[in-house]
Each structure stands twice: as structure tokens, then as C-alpha cells.
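Single-structure report; data block below.
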Amino acid sequence: MLKKYIHNLENLLAWSQDKISNKQFIFLSSVLVGISSALAVIVLKTFAHKIFIFATYVTNISIFKYGYIKVILPIIGIVLTVVVIKKFLGGSIEKGTSQILYTVAKKASIIPKKQMYAQILTSSLTVGLGGSAGLESPIVITGAAFGSNYAQRFKLGYKDRTLLIGCGVAAGIAAAFNAPIAGVLFAIEVLLVDVSISAFTPIMIAAATGALVSMIALDETVLLSFKQQQTFNYHNIPYYILLGLFTGLISVYYSRNFQRVEHFFAHLKLSPYKKAFFGASILALLIFIFPTLFGEGYETIKTLSQNDPGQLLDNTLFSDFRDNSWALLVFIGFSMMLKVFATGITLGSGGNGGNFAPSLFLGSYVGFFFSKFLNLTGLTALPVSNFTMVGMAGILSGLFHAPLTAIFLIAEITGGYDLMIPLMIVASISYALSKRFEKHSLDVRQLARKGHVFTSNKDTNILSTLDTNSIIQTDYLTIAPDETLEKLVDLISHSNQVIFAVVNQEQKILGIVYFNDIREIIFNQYRVKYTLVKEIMTNPIDIIYPTDSMETVMNKFEKTKVHFLPVIKEGKYYGVISKSVALEAYRTKLKSMTIE
């Protein structure tokens with residue numbers, strides 16, 4: 001029945017595609033992609049929330065006190081995730097939002113169909129059953145997959161496919177937090193290489209649709225939202241500046257240790273199942289001692305911002321200290337510093353999830369720890385709930401290098417913009433400090449390590465998508481060193497070359513002759529007849545290799561100030577690259593990647 005309904009809907013859309021303009025069809029498509037992404041969010045969020053409620057309920061039963069059920073569930077979840085990936089998903093699955101960047105740049109915005117369900121299935125098992133990660137990254141990939149496959153189904157071009165990927169991403173974030181502005185900003189600030197103002201409209205439509213569907217169909221208690229906050233006092237600005245510095249440093253700490261944990265598991269010589277059980281067992285031990293590390297952690301964030309944060313110690317090994325503020329602070333501090341290891345273990349051992357929710361978890365704990373510590377020392381009296389919320393923007397901005405997304409996300413989920421000034425202060429300082437120590441954001445670092453660099457520098461992004469081999473001109477004429485200039489003049493008269501490589505019989509380059517360097521000589525018949533090429537050739541100013549990236553090639557042109565450079569392959573002369581050809585390739589790519 002459902003299959004028949006979908007088939008009829010596709011036929012209707014195919015009919016409408018011929019009746020309306022392309023722009024109108026994109027607007028309609030953005031609504032449908034937004035609805036699809038929102039439904040995926042509802043399924044994921046509801047499942048994860050129900051499991052958390054179940055685990056919390058069972059924990060309250062005396063025989064399961066101290067969260068024994070919360071220890072068992074993550075092991076089951078991670079092992080099941082690995083089973084599903086190995087048995088039903090071809091043995092591998094792409095993780096992290098950076099994969100969308102790579103797909104847009106290198107794979108013509110074509111995402112495999114399996115990503116429309118693979119992320120939902122695996123992340124619901126991992127995070128839903130207590131893995132210490134977030135659902136937002138799988139949500140984003142699922143939304144992007146919906147957009148890409150929808151565009152493929154209706155034979156839309158690269159620009160429209162990329163635009164609908166952005167629509168799916170924006171709708172996913174908007175639905176997950178009921179924050180449409182943050183959804184739009186995340187899609188543009190983090191994922192899409194270049195977007196013109198006119199392309200905002202479909203993305204905004206998709207984000208609004210996703211947020212509306214979520215608002216109607218998703219239980220409000222599932223969402224991360226805050227209705228209670230204290231008034232902003234400008235006298236606290238110095239402390240918000242300090243919080244910005246603190247969150248920036250913690251962001252660097254998280255990013256570097258997460259990479260270390262992932263690297264450890266990547267090089268662990270165990271079978272996937274043994275690795276999953278090994279990692280999940282360590283995670284279980286961490287959760288047994290610090291139950292706050294269970295799942296997304298959004299429920300504990302809400303608890304932290306309320307009047308009785310001591311509830312976090314209920315049904316833990318430290319429940320006897322629930323009314324001791326210093327003991328609570330120590331517990332929060334350890335939870336804060338161990339979160340990166342819990343998340344790294346969850347994902348490194350085979351689970352699926354992301355770092356978005358952990359960044360919010362960490363940010364709230366950092367904000368609470370910072371303000372509560374200062375209050376307990378008697379140095380000041382800070383509004384702890386405000387610092388708890390603003391801290392989330394600091395870590396999110398520092399980890400993802402996305403200050404605008406961080407500012408507006410927290411502003412939206414707190415139900416107002418009263419904290420806009422401290423949000424801007426903390427997010428910008430954290431971003432600047434994190435950027436100082438970490439060139440790339442957390443999700444992009446792995447791509448950068450493989451040579452696929454995507455940054456906020458548009459030129460770098462575009463150059464990284466170009467292939468050096470595609471612009472090498474291999475048909476350039478060469479000349480031997482013992483030939484006279486008569487031979488060279490003959491070659492010049494029968495070609496439009498202005499550069500000639502001087503090579504020996506083994507095709508090894510010995511030098512270069514530029515036409516401009518011999519312009520005066522060729523009009524002297526005596527010198528032309530008796531001068532050998534080797535007498536006037538010069539050493540190449542620089543050399544290009546086919547393995548050089550386009551960014552390296554352009555840097556060499558910029559450094560040498562010449563318009564042609566020779567290419568060497570396996571020690572032999574291979575061809576020439578023209579600066580004008582390289583720039584034309586750049587302009588063509590820029591035009592194709594600009595979403596209008």
C-alpha cells in the first residue's frame with residue numbers, strides 16, 4: 001500500500017515538473033525533502049527518548065540500582081550496530097558530516113540510496129541504546145541523502161542536487177531542535193561551499209517545514225529546550241569573556257583527544273565484533289561510574305539548568321553526596337572531561353553517531369562548572385543557568401568552527417534572544433581561540449589528513465576539487481641540447497609555443513628555453529646558425545609533479561611569477577601546465593559550484 005502511494009506521488013511530481021518552472025519545482029521539492037527529513041528526526045528522537053525513559057525507570061527499581069541496565073544497553077547497542085553494518089550494509093558506513101562535503105565536491109552530490117535508511121537504523125541502535133554520541137550527524141546525512149536521491153529521481157542537475165542536499169540538512173537540524181534559523185545557518189556555514197542569496201529561499205522553506213512537522217508530531221519533552229533563564233546582567237561580561245577562553249581551550253582538548261581515541265581503535269588489530277565488545281565494555285564501565293555519559297545526554301543538560309542539579313547524583317555511586325555542592329562540582333568536572341573518551345570509544349569501536357550532541361553536553365557542563373566554581377569560592381554570584389546555556393554555544397562554535405550556528409541555535413532553544421550578547425561574546429572568542437590551535441574543525445580534520453581539505457576559504461575548497469592531471473598539456477614540442485637555434489626557430493615558426501623543454505635521449509629534462517629570453521637573438525642570423533640550445537637554456541625555476549594538488553600548483557605559479565611550468569613524471573619530462581589554463585579550470589569549477 002505504501003509503495004503504491006509513493007509511486008503515485010512520484011508520478012504526480014513528474015507530471016508537475018513539466019507544468020511548472022524549475023524554480024517552482026525546487027520550492028515544492030524543498031517542502032517534500034523537509035517533510036522527509038523531519039519524519040526521520042521524529043523516528044530517531046522518539047526511539048532514543050523512549051529507551052532513556054525505560055533505562056531510567058528500570059534503574060529506579062531496587063535490584064537495578066546504580067544503573068546496571070545503563071551498563072548493559074550500550075554494549076548491546078554497539079555490538080548490534082556492527083552486526084547490522086557487516087550483515088546488511090555491505091560492511092561499511094560513512095560517518096560524520098564531513099562526508100557530505102566530500103560528496104558535494106568529489107562525487108557530484110550523489111549520495112547512495114542506502115544512506116536514506118542506514119543512518120537511522122545504526123544510530124538508533126547505538127545512541128538509542130545508550131552509546132555516548134549524538135543523533136544530529138546521522139540526521140544530517142539522512143536529510144542530505146533524501147535531498148540527493150530525490151534530485152536523482154527527477155534528473156536534476158548538480159546545482160539543484162546540491163541545493164536539495166542543503167535543504168535536507170537544514171530541515172534535519174531545524175526539526176531536531178525546533179530551530180529553523182540554526183538549520184539554515186548550519187547548512188550554509190558548515191556544509192555548502194558557496195551559496196548565492198537567491199538559494200536561501202528553498203533552504204529556508206525546508207527548514208521551516210522541518211521545524212513545523214517536528215512541532216506538530218514530536219513530543220516537546222523529547223526536544224532540547226529551556227523555558228527558564230535568568231536576566232542578562234552586563235556586569236558579568238568579563239566572566240563571559242573568561243568563559244569564551246575556557247570553552248575554546250576545552251574545545252581543543254576535546255578535538256585532539258577524540259582524534260587520539262579514534263586513531264587508537266582504527267589501529268587496534270581485532271575483528272570488528274571483538275573491537276565492538278572491547279570498546280563497549282570500556283564505555284559501560286565509564287557509564288557505570290558516571291551515568292550522565294549514557295546516550296545523548298540531553299536530559300542531564302535540562303537537569304543541570306534547573307534548580308536542583310543534585311538530581312544527577314541520584315542512583316549513582318555518589319548518591320549520598322547529592323546535597324554536597326562541591327561533590328556535585330567534582331562529579332560534573334569528571335563527566336565533562338571524560339565525555340570525549342566516551343564518545344570516541346562509542347564511535348571508534350563501531351557505533352554510529354556524531355559529535356553535535358556531545359558538544360552541547362560538554363558545553364553545558366563546562367558552563368555550569370565554570371560559574372558554579374566561582375560562586376562556591378565566593379568570588380562572585382553568577383547566574384548558573386545562563387552560563388550553562390551559553391557554554392553550549394562556546395563548545396559548539398569551537399569544535400565545528402560555526403559561531404553563527406552556535407549563537408542562533410542556543411538563542412532559539414532557550415526561547416528568546418535575551419542572551420544574544422553573551423552568546424556572541426562566548427561563541428566568537430571560543431571560535432577564535434580554537435581556530436588558533438586547530439586549523440580545521442573536528443569533522444573536517446579527518447578529510448584534511450587524507451588530503452581532502454575543506455575550509456572556509458572558498459578558493460582552497462574549489463582548488464581541492466580540481467585534478468592537476470586534467471590540465472597538463474602533453475603535446476608540447478621539445479628540443480635536444482645539441483641542436484642549433486635554427487632548429488628552435490623552425491619549431492617556433494610552426495607552433496604557438498612560448499616555452500620549450502630541453503631533453504636528452506632518455507627524456508630527462510635538462511633545461512628550459514623561453515621565447516621571450518631569445519627574442520633578440522633569433523634576429524641575428526649568425527648567432528642563430530652557430531649557437532647551440534644548451535648555451536642559452538636555463539634551469540627550470542620550478543617543477544610540477546602530477547601528484548601535486550592544484551593549490552600547490554597555483555602556489556608555484558604565484559611564487560615564480562611565470563606563466564608556464566614543466567611537469568616531471570617518474571623522473572622524465574611529461575608536459576607543461578599553463579597558468580591561464582589552470583585559471584580557466586578554476587573559473588569553470590567556480591561557476592559550476594555556485595548555487596544560485
Side-chain angles (χ1 to χ4, degrees), residues 105 439-440 448 450-483 485 487-523 527-528 531-591 593:
K439 182 179 178 181
H440 304 294
K450 296 178 181 178
H452 308 304
V453 183
F454 300 92
T455 70
S456 57
N457 186 323
K458 184 171 68 178
D459 290 337
T460 299
N461 293 338
I462 295 173
L463 288 173
S464 70
T465 67
L466 298 175
D467 182 14
T468 300
N469 286 278
S470 66
I471 62 169
I472 298 175
Q473 295 168 276
T474 58
D475 57 349
Y476 266 49
L477 301 173
T478 60
I479 192 167
D482 294 324
E483 296 280 3
L485 288 189
K487 174 66 173 178
L488 183 60
V489 170
D490 181 60
L491 293 178
I492 293 173
S493 64
H494 290 88
S495 72
N496 59 358
Q497 289 181 214
V498 295
I499 178 177
F500 292 87
V502 183
V503 299
N504 60 17
Q505 292 182 345
E506 289 79 30
Q507 288 298 300
K508 291 187 177 182
I509 191 167
L510 303 176
I512 292 290
V513 176
Y514 290 96
F515 174 70
N516 286 339
D517 294 342
I518 63 168
R519 190 185 298 272
E520 296 179 2
I521 300 177
I522 62 176
F523 293 107
R527 295 189 66 181
V528 166
T531 302
L532 299 178
V533 170
K534 63 184 178 182
E535 296 176 15
I536 52 91
M537 70 181 186
T538 59
N539 291 325
I541 300 176
D542 209 335
I543 289 174
I544 293 175
Y545 301 93
T547 54
D548 286 345
S549 67
M550 277 299 297
E551 186 175 14
T552 300
V553 171
M554 296 310 295
N555 286 337
K556 288 182 178 181
F557 276 120
E558 183 67 25
K559 178 183 176 182
T560 59
K561 306 299 181 184
V562 298
H563 295 279
F564 296 89
L565 284 172
V567 180
I568 303 299
K569 183 178 182 180
E570 297 176 355
K572 297 180 179 180
Y573 168 78
Y574 183 64
V576 171
I577 287 184
S578 165
K579 185 177 181 180
S580 62
V581 172
L583 289 173
E584 183 59 32
Y586 170 85
R587 283 191 289 268
T588 302
K589 194 66 176 180
L590 172 63
K591 185 177 180 181
M593 294 180 71

Here the gap from Asn469 atom CG to Thr547 atom OG1, rounded to the nearest 0.5 Å, amounts to 8.5 Å
Closest heavy-atom pair, Val562 versus Lys579, reported as atoms and distance to 0.1 Å, is O-CD, 4.0 Å
CD1 of Ile541 to NZ of Lys561, rounded to nearest 0.5 Å, is 12.0 Å
Quick one: are Tyr545 and Ile568 in side-chain contact, heavy atoms under 4.5 Å?
yes
* CA sep, side-chain torsions, deciding dist, call: Tyr574, Thr474, side chain to side chain contact (heavy atoms under 4.5 Å, CB included) -> CA-CA 6 Å; Tyr574 183 64; Thr474 58; 3.9 Å; yes
Of all heavy-atom pairs linking Gly511 and Pro540, the shortest is CA-CD, 4.3 Å
Residues Asp475 and Gln497: closest non-hydrogen pair is O-OE1, 4.3 Å
Shortest non-hydrogen pair, Pro481 vs Val503, comes out as CD-O, 3.3 Å
Sequence neighbours excluded, the answer for salt bridge (charged side-chain N to carboxylate O under 4.0 Å, His left out) partners of Glu535 is none
- Would Met537 and Ile479 satisfy side chain to side chain contact (heavy atoms under 4.5 Å, CB included), going step by step from the backbone distance to the final call? CA-CA 11 Å; Met537 70 181 186; Ile479 192 167; over 6 Å; no
With a 3.5 Å distance limit and no angle check, can you tell me whether Thr538 reaches the backbone of Ile512 through a side-chain donor-acceptor pair? yes
Nearest heavy-atom approach of Lys508 to Gly571 is CG-O, 3.7 Å
Which of Val502, Ile509, Val567, Leu510 passes side-chain contact (heavy atoms from CB on, under 4.5 Å) with Tyr573? Answer is Ile509
Margin query: Tell me if a side-chain donor or acceptor on Lys556 pairs with a main-chain N or O of Ile543 at a distance below 3.5 Å.
Written below: yes
Does any non-hydrogen side-chain atom of Ile472 lie less than 4.5 Å from one of Lys569? no
- request: Could you check Ile577 against Phe557 for side chain to side chain contact (heavy atoms under 4.5 Å, CB included), going step by step and ending with a plain yes or no?
  value: CA-CA 10 Å; Ile577 287 184; Phe557 276 120; 3.7 Å; yes
Value for CZ (Phe500) from CD (Glu483), rounded to nearest 0.5 Å, stands at 12.5 Å
dist Ser470:OG -> Met550:CE (nearest 0.5 Å) comes out at 7.0 Å
Looking only at heavy atoms, the pair that brings Asp548 and Ile544 closest together is OD2-CA, 3.7 Å
